[in-house]
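The next block holds one structure in the form of C-alpha cells; read it before the comments.
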Amino acid sequence: MKSKIIIEKYFKALETGNYEQMIKLFTPDAVVHSPVYGNVKANEFYKKLFSDTSESKIILLNIFEGKDNFTGACHFMYDWKLANGKDISFECVDVFKFSDSGLIKELTIIYDASATRPALKRINKNTG
C-alpha cells in the first residue's frame with residue numbers, strides 16, 4: 001500500500017514540475033531508464049525533463065503494486081507540452097523499484113518515443 005502513495009506523489013510532482021518534491025521520493029543514488037534521455041541519475045533526469053517542459057497533464061489509468069511492496073507500476077496518459085510549445089501526447093507505463101525505506105531506487109519509463117525524440121532534438125539544437 002505504501003508504494004501506491006509514493007506513486008501518487010510522484011505523479012503529482014511530475015504534473016506540477018516540482019523538482020524538490022520529486023527528488024524527495026528517490027534514493028540519492030536512484031536511476032531513471034528513459035527511452036529519450038537514456039539511463040540517468042534521477043536528480044539529473046528531472047532537472048533536464050523539467051527544463052524541457054512547459055506544462056504536463058497526466059491521466060492515471062491504473063496503478064499496480066507488486067506482492068512484495070518493492071515494485072509497482074503505473075499506466076497513464078501523458079499530455080506533454082515542451083518548452084518550445086510543441087504538444088506531445090502518449091500512453092505510458094512507469095515501472096518502479098523501491099528501496100527498503102520505501103523510496104524509489106529505480107524507475108523504468110516505457111512508451112513509444114518516436115514523436116518525442118525529434119521534438120526534443122529541435123529544442124536542444126535551439127538552446128544549446
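All residue numbers refer to positions in the sequence shown, counting from 1.
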- Message: Test side chain to side chain contact (heavy atoms under 4.5 Å, CB included) on Q21 and K12; report intermediate values, then the result.
- Response: CA-CA 9 Å; Q21 290 300 316; K12 179 70 171 170; over 6 Å; no

Where [X] and [Y] come nearest, the two heavy atoms and their spacing:
| X | Y | result |
| --- | --- | --- |
| I6 | G102 | CG1-O, 3.6 Å |
| K9 | L25 | C-CD1, 3.7 Å |
| S56 | W80 | OG-CD1, 4.1 Å |
| A13 | F50 | O-CZ, 3.9 Å |
| K105 | T27 | CA-OG1, 3.6 Å |
| L61 | M77 | CD1-CG, 3.9 Å |

Is there a path of hydrophobic side-chain contacts, each under 4.5 Å between heavy atoms of I, L, V, M, F, W or Y residues, that connects [X] with [Y]?
| X | Y | result |
| --- | --- | --- |
| I59 | Y10 | no |
| I58 | V93 | no |
| V31 | F98 | no |

- Start with the C-alpha gap between I110 and V95, add the side-chain angles, then the distance that decides, and say whether side chain to side chain contact (heavy atoms under 4.5 Å, CB included) holds. CA-CA 8 Å; I110 304 166; V95 179; 4.0 Å; yes

- Item | Worked verdict on T108 versus F96 for side chain to side chain contact (heavy atoms under 4.5 Å, CB included) | CA-CA 7 Å; T108 302; F96 299 83; over 6 Å; no

Quick one about [Y] and [X] (side-chain donor to acceptor, distance below 3.5 Å, no hydrogens or angles considered), yes or no?
| X | Y | result |
| --- | --- | --- |
| S3 | E65 | yes |
| S89 | Y78 | no |
| S114 | D112 | yes |

- Message: If we ignore hydrogens and angles and just use 3.5 Å, is the side chain of S99 paired with the main-chain N or O of S101 as donor and acceptor?
- Response: yes

- Do side-chain atoms of S54 reach the backbone of L82 as a donor and acceptor pair under 3.5 angstrom? yes

Using 0.5 Å steps for rounding, measure from the [atom1] atom of [X] to the [atom2] atom of [Y].
| X | Y | atom1 | atom2 | value |
| --- | --- | --- | --- | --- |
| C74 | L60 | SG | CG | 4.5 Å |
| F64 | H75 | CZ | NE2 | 7.5 Å |
| D52 | K81 | CG | NZ | 15.5 Å |
| K97 | F70 | NZ | CZ | 13.0 Å |
| F26 | L107 | CZ | CG | 5.5 Å |
| I23 | L103 | CD1 | CG | 11.0 Å |

- Please tell me if the side chains of N39 and V32 come closer than 4.5 Å, counting only heavy atoms from C-beta onward. no

- Query: Are any of the side-chain heavy atoms of I63 and F76 separated by less than 4.5 Å?
  - Reply: no

- Worked verdict on L14 versus M22 for side chain to side chain contact (heavy atoms under 4.5 Å, CB included): CA-CA 7 Å; L14 182 62; M22 179 63 79; 3.8 Å; yes

- Query: How about F45 and Y37: are their ring centroids closer than 6.0 Å?
  - Reply: yes

